[in-house]
A.B. asks: 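Once you've had a glance at the structure underneath, I'll fire off some questions.
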Amino acid sequence: MGSGGLIVMDEDTCMVDISRFFLEFVQDESCGKCTPCRVGTRRMLEILDRICEGRGQEGDIERLIDLGSTIKDTALCGLGQTAPNPVLSAIRHFREEFVEHIRDHKCRAGVCPELVRAPCQNACPAGVDVPGFVSLIGEKRFDEALALHRERNPLAAICSRVCFHPCESKCRRSTLDDPLSIRSLKRYMVEQEKAFNLPAMIKDGANVRRKVAVVGAGPAGLSCAYFLARLGYRPTIFEAASEPGGMLVQAIPAYRLPRDILRREIGMIEKLGVQIRTNKMLGRDFTLSSMKEMGYESVFLAVGAPKGTGLGMKGDDAPGVTEAIDFLRQYNLTGKAPVGKNVVVVGGGNAAIDAARTALRLGAGSVTVAYRRTRAEMPAYREEVEEAEREGVKFQFLVAPVELAQEKGKLAAVQMRRMGLGDFDRSGRRKPVADPQSDFMMPADQLIAAVGQALQPNEIFNGVTLKLNDREFIAVNPVNGQASEEWVFAGGDAVSGPSSVIEAIAAGEKAAVGMHAFLSGKGEIPWRTPRMVDTFFDPDADPVMGARPGLKLIPVSRRKGFAEVETTWSAAVAMAETKRCLRCDYRE
Amino acid sequence: MPSLTIDNKTISVADGTSLLEAARQAGVQVPSLCYLKKVQAIGSCRVCLMEVEGAKTLMASCVTPAFEGMKVRTNSSRVRAARKTVVELILSDHEGDCQTCNRNGDCELQAVARDLGIREITYAGSKSVRRRDTSTPALVRDTAKCILCRRCVTVCGQTQGVAAIFPQKRGFQSVIGPAFTSDLADVVCVQCGQCAAVCPVGAIGENDETAKVWAAIDDPKKTVLVQTAPAIRAALGECFGMPPGTLVTGKMVTALRQMGFDKVFDTNFTADLTIMEEGTELLTRLKKALVDGQQVPLPLFTSCSPGWIRYAEHFYPDILPNISTCKSPQQMFGAVAKTYYAEKIGKKPEEIFVVSVMPCTAKKYESQRPEMNSSGVRDVDVVLTTRELGRMIREAGIDFVGLPDGKMDSILGASSGAADIFANTGGVMEAALRTVYEIVTGRQLPFENLHVAPVAGLAGVKEAAVKIEGAVREWSFLEGVTVKVAVAHGLGNARLLIERIKGGEQYHFVEVMTCPGGCIGGGGQPRLTTDEVRLARIAAIYKEDEGKPIRKSHNNPEVTAIYQEYLKKPLGEKSHHLLHTKYTARERV
C-alpha cells in the first residue's frame, strides 16, 4: 500500500480512515504544480473526510473511483500518478466498509469518531447503549437500565448468558487494564428484574389490522416480532418445532441457558400481542403463496440454517454417525439422545463444543473434539472451550477424518489424517494442509459432525423463488432485510449462515423497520435516536482503578446434570465493576 | 522532420515541435491554460492532454515532443473526459464570479470550460485562501481567481528577470505571490504588468480607475483633458473585435469626445518634445565628453518607460546617472498641460484634470511618484490602460467600430511620425536619430524611408551605428564620429545589454523598453499579446508614421511654438523645472 511500505492492519483499522490518512500525507508531499494532484487529491480527501464524518453521499464511492482514476491518468509526476492507489485498492478490497460508512453511518472498526458513540456500542450488532445501561446499573436504576437495553435488544436475559460479547473485545478500558465484564453486568442487571416493564408501544389502529407474519421463533424472529409489536403491529410467528426459541432451545444446552429463563423472555414478547403458533413448518404446513392467500401483507423469514452439512465421506451413513444440530435438537426437544462410549466430535465451532459437553453430561465414556486447525483458529467461544476442557472433553488439533471404519454394520473407528497449516485463506486463518502419510485410527462408536449448517431452500420455498446469495443463503438488502420478493424480508442464520444470537437480534430489528417502511411508508423509529442517559459522570476525575472480576462459575464437581454453570455476581462486585467504565459515550 | 499521425491525419513537423503545436498545425483546436508559445511550456495545468499510443498515461501535449511514427488521439472519450475533469477541478478552486469579473468575455478559463461543455462541477469543495493585493497603484492581484498556471511567474522571472512573484507552499496550499506573502509594493515588482498581460483569468489585472474618470467628467468645475499614448491607436480596436494592427486613431478621438472629455490631446505631442530635450541632452553630453574632456555618464539611456526606471533603481542604481533626466512623454504632458496650457485658457492647475490613456500599468505608478507634481499639483491625475478605456467606451454605449474619424484638439495635439513610433521597440531611438542627425549635419537621416531597420523588430538586443559626415559648424567636433546605439526590449534583454556595457562594450545612446515589443506590447494592452499580435501592431504604427506629413519631431509646429512662447530652449530653465526629473536608488529586496 502507498509508497512500498508494509503496513499490518487488523479489524481495528478502518479502511476509510486509512485511505484518508494516505491522502492527508499526499497533501504535504504534492508540490502543487499540476492540477490533478494539487486539487484532485484534495477533493478526494474532502470526500473521504465527509464519509468518515458520516456525511458521505450516495455516489461518493464512484466519485472517488472516477476522480482517482483520472488523477492517475493525468498527473504530471509519479507522486500524483500513484497518490490515489491506496484509496482505489482500499475500495476494491473493502468496498463494503465504505458502503457502511455512507449508508449506515457505521464504522465497524470503531475508528471514525463521528460515527462511533462508544466502541462497545459500535461493536454490538444490535447497537445496545452499553455505557448507558452500565451506568444506570451503577446507580441501582435497574428497571431503567433494562428498559434502555431492551430499546435495542429485547432478549437481555438470554444474551446475558449466551452472548459472545463483541462489546467487550472493543472495550477501551482494555487499553488501561482489562475490558469491562459487560455480559456479567448484564446478568446481574436481569437478575434484578421483578416484573416485566413493557416497552413504549406505538398505538396505531391501522397497523393492528394489518396481517404480518414471522416464520421461525428463533432470536431473529422473536426480535423482529418484538419490534413490529412496538411499532403497533400484531405479528404471528409460525414455528416448525414444538417449542419456540430456535437454536436457543434446540441447540444451546440448558446448562448455558436455562429453559425457564428462555420461556420467560419469550413470554414477555407474547405479552406485547405477538402470537406464536408452534408445529407450523414452512413448506410442509404452509407456503409463501398460501400465506399470501391468507392475506399476509408482509412476512419475515427467520427459518435458520437447520440442516447439518455432513462430512461427505465414505461410511458417513453408518449407524452412530450423527449431525451435531440433530443430536442437540433431539436431546433438547425430547429430553433424551443416545450417546456412545467413545464419542468423537468433528468441528471447532460452538455446536461442536455444545455437542461435546452435552454428550459428556449424557454419560459418554470419553468425548474427543477433533479439529483440523489449532486452538487459536477455533470459532467457538474461548470460555466455552475452557469449560469443556475443565469438564473432561479432550481435544485433538490439526486432524481431519478421511474415512469412517465400520464393524458389524456399526461405526468402529475414524481414520484421521494429520494436518499442517498452510497459507492464509479468505477468513484470515491459515488453511489446513493434509499430510497423507500420517493417517491413524481413532476408535469411536459415535461420531458427531459439526462442520457446518445450511438452509433448505428447496424444501421451504416451494413455489416461490427467492434469490440466494453466493453462499446459498437468502439474498437480502443489507439495510432493511428485504428479499427479492418485495413483501418478503429475511434475516438471521437463513441469511448469514450460522452466526450469533446478537447478530440475529440485530437482523430482526432491521427487518422490522424495513417492513414498517414497506407497509406504512414511515421511517421514523423512536428507539433509533440515540439519547444521553442522565447518570452522573465527572469527566475530570481519574479513572477508577480495579481489576476485572472473573466469571462466577459452579465447580466442575457439581456439574452433574444440566444445571446452569454460571451464576450471578454479588451486588458489591457488580457495583464496583460499573465504575470501571470510562464512559466513552460522554459528550459535553 | 518527424512525421506523425494525429487523429488519423499524418503530418510532418519540424524537429522539436511539441505535440500541441503539431496538432495546431494539423488544424486541431487544443485547449490549454498554462502553455504560452515561446514563453512557457511546463505541463502544469494538464488541460492539453492527448492520448499517445503506447503511453501508460495521457500526455500533456505542450511538453511532449513529436516523434517519428507517433500515433496521437486528441478526441477520444478518454481524452475528453480527462480534460473535462481537470478543468472541473480548476473551476472548483476558482472564484467563479464571472458576471462581475473584468475578464468576463475574454477569460481563457471561461472559454475552455465553454468549449469542453462543462455544465456542472462534480468535485466541488473548499477553496484556497483569498488574498487581494491592492498595495500598488498599478496592479491588483486576487489569489482566489488564480489557477496557478505560472505564466506570470515565468514572464516576471524569465522574460523580465525581475522574479517578484513565484510559487510558494505545497499542494493545495500553494500560492503565487511575492516572498513571505508580502505585498507587491514591498518587493522589487516594477509594476510593468506583463504578469497581467499573460494572466489567462482575472487573477492579475490593472487597478481599475474608470470611476475616477467618470467622476471628473461629471464635475463641472473641472476641465478634463485626455492624452493618448501612440500605442493605443494600434490596439484599442482589439477591444471591439477588430483584428490586431487595426489603426483606430480617428475613431478613438471621436469616442473620447463622445465620452465627454473637454479636450482630446496627444501624448505624441510631448513625445516630440521629449526628442527635443533628450536629443539635446545627448548632444550636450557628447560635447562635454569630446570637446571639454569632462567625465560624463555615457551611454545615455532613454527614460520613457517607467518600468525600466524602477528596474534600474532597484537592480542597477549605479547607472542612474546615465539615464536621461527627461520625464516620460506622459509626465511632460501633465506638467505642460497644467502650466503652459492652463495659462493659455486662464485656468489654475487644480482646475485642470489630466487623464492619460496608456498601454501600460507602470504609468499608473509613474504618475503617483512624489516628484511628479511640477505644476504644484499632481501633473497627471488618472492613468487608464487601453483595456480600461475599452471598457469605458462600452459602458458609454458607443458603437466604436462604426464611429467616424475625429481630429485631435490643438494646441497639445499635433505630432510628427517620429512620435508615433515611440510605441515600437527601437522607435525612440529612430525618432531621436532622425532629429539629432539632422541637427548635426543639416541633412536627413540616411536610412530608407527614415527607418533605422537594424533596431526595429523583435530581436532582443539590437544595435546600429551611424557615421557623422558633413557636420555643420556648431557640431563639427562630431565629424567622422560613428555614433553607436543599442536597443533592448523586455527587462531580461535590458539586463543582457547592461551587462555587456559593463563588460566594456561602448555605446553612445541606448533605448530600453520594459515590455517585449515596446509599448505596443505593454501590460495594459488588450489580451492576449503574442508575437503575431506584436508584429501586427508594430506594422500599424510604422504605417501611421509613414502617413504623417511631418516625420521629424523638430518639425512639429506646436513644439516650435511652445519653445518660442514658453520654454525658450531645450534644457532651459523652464524645461529643467517642468520636463526633467531625478531618480532614486532603491533596495534590491
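For clarity, every value in this text was computed on a predicted model and none was experimentally measured. Sequence lines set the chain letters: A, B, ... in the order given, protein chains first and strands last, and positions in each chain run from 1.
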A.B. asks: With a 6.0 Å cut-off (strictly less than), is the heavy-atom count around NZ of B:K127, excluding the residue itself, greater than 12?
C.D. replies: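 Counting neighbours around NZ of B:K127, more than 12 heavy atoms of other residues, nucleotides or ligands fall under 6.0 Å, so yes.
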A.B. asks: Decide side-chain contact (heavy atoms from CB on, under 4.5 Å) for B:I90 and A:V39; before the verdict, give the C-alpha distance in whole Å, the side-chain angles of both, and the deciding distance to 0.1 Å.
C.D. replies: CA-CA 7 Å; B:I90 294 173; A:V39 189; 5.9 Å; no
A.B. asks: At a heavy-atom separation under 4.5 Å, does B:S92 approach chain A through its side chain, its backbone, both, or neither?
C.D. replies: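 Both parts, backbone and side chain.
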A.B. asks: Is the CZ atom of A:R531 crowded by more than 12 outside heavy atoms at less than 6.0 Å?
C.D. replies: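 Open.
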A.B. asks: When the side chains of residues 47-63 of chain B are checked against the rest of the protein, which donor-acceptor pairs come out under 3.5 Å, sequence neighbours left out?
C.D. replies:
from  : atom 1 : to    : atom 2 : distance (Å)
B:E51 : OE1    : B:S76 : OG     : 2.5
B:E51 : OE2    : B:R78 : NH1    : 3.4
B:S61 : OG     : B:C48 : O      : 2.7

A.B. asks: Quick check: closest heavy atoms across A:G32 and B:R150, and the distance to 0.1 Å?
C.D. replies: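 Closest pair (atom of A:G32, atom of B:R150, distance): O-NH2, 3.5 Å.
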A.B. asks: Is A:R63 in contact with chain B via its backbone, its side chain, both, or neither, using a 4.5 Å heavy-atom distance?
C.D. replies: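 For A:R63, the contact with chain B is made by backbone and side chain together.
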A.B. asks: Check each atom of A:T70 against the heavy atoms of chain B and say whether the ones under 4.5 Å are side chain, backbone, both or neither.
C.D. replies: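 It is the side chain, since no backbone atom gets that close.
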A.B. asks: Please report the C-alpha distance between A:K33 and B:R46 in whole Å, then the side-chain angles of each, then the deciding distance to 0.1 Å, and finally whether the side-chain contact (heavy atoms from CB on, under 4.5 Å) criterion is met.
C.D. replies: CA-CA 10 Å; A:K33 188 170 171 186; B:R46 316 305 284 177; over 6 Å; no
A.B. asks: If you count every heavy atom of other residues, nucleotides or ligands that lies below 6.0 Å from A:D425 atom CG, does the total exceed 12?
C.D. replies: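 Yes, enclosed.
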A.B. asks: Are more than 12 heavy atoms, taken from residues, nucleotides or ligands other than A:K106, located less than 6.0 Å from that residue's NZ atom?
C.D. replies: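 Atom NZ in A:K106 is crowded, with more than 12 foreign heavy atoms closer than 6.0 Å.
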A.B. asks: With only heavy atoms counted, which part of A:E29 is less than 4.5 Å from chain B, the side chain, the backbone, both or neither?
C.D. replies: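 Backbone only.
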A.B. asks: Any chance CG of A:D10 has more than 12 other-residue heavy atoms, nucleotides or ligands included, within less than 6.0 Å?
C.D. replies: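 Check passes, neighbour count above 12.
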A.B. asks: So for B:A81, is it side chain, backbone, both, or neither that comes closer than 4.5 Å to the heavy atoms of chain A?
C.D. replies: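 Neither the backbone nor the side chain of B:A81 comes within 4.5 Å of chain A.
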A.B. asks: Give, as side chain, backbone, both or neither, the part of B:E88 having an atom under 4.5 angstrom from any heavy atom of chain A.
C.D. replies: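 For B:E88, no heavy atom lies under 4.5 Å from chain A.
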A.B. asks: Do you know the tightest heavy-atom contact between B:S44 and A:L76?
C.D. replies: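 That closest heavy-atom pairing would be CA-CD1, 4.3 Å.
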A.B. asks: Minimum heavy-atom separation for B:S126 and A:R43, please, with both atom names.
C.D. replies: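 Nearest heavy atoms, B:S126 then A:R43: O-NH2, 2.9 Å.
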A.B. asks: Counting heavy atoms not belonging to A:F21, are there more than 12 under 6.0 Å from its CZ?
C.D. replies: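 Not more than 12 within 6.0 Å, no.
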A.B. asks: Heavy-atom distances under 4.5 Å only: say whether A:Q27 touches chain B with side chain, backbone, both or neither.
C.D. replies: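 For A:Q27, backbone and side chain are both near chain B.
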A.B. asks: Among the options B:T122, B:L33, B:V86, pick out the one with the most heavy-atom pairs lying under 4.5 Å from chain A.
C.D. replies: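 It is B:V86.
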A.B. asks: Please check if the number of heavy atoms outside A:E58 that lie under 6.0 Å from its CD is greater than 12.
C.D. replies: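 No, the 6.0 Å shell around CD holds no more than 12 heavy atoms from other groups.
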A.B. asks: Pick from B:V87, B:L148, B:D93, B:L89: which one makes a side-chain contact (heavy atoms from CB on, under 4.5 Å) with A:T35?
C.D. replies: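 Among B:V87, B:L148, B:D93, B:L89, the one meeting side-chain contact (heavy atoms from CB on, under 4.5 Å) with A:T35 is B:L89.
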A.B. asks: Tell me, side chain or backbone of B:I42 under 4.5 Å from chain A's heavy atoms, or both, or neither?
C.D. replies: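 Both backbone and side chain of B:I42 come within 4.5 Å of chain A.
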A.B. asks: For B:Y123 and A:D66, work out which heavy atoms get closest and say how close.
C.D. replies: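 Taking B:Y123 first and A:D66 second, the nearest heavy atoms are OH-CB, 3.5 Å.
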A.B. asks: For chain B, which of A:P36, A:C37, A:S69 has the most heavy-atom pairs under 4.5 Å?
C.D. replies: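 Of the options given, most contacts go to A:P36.
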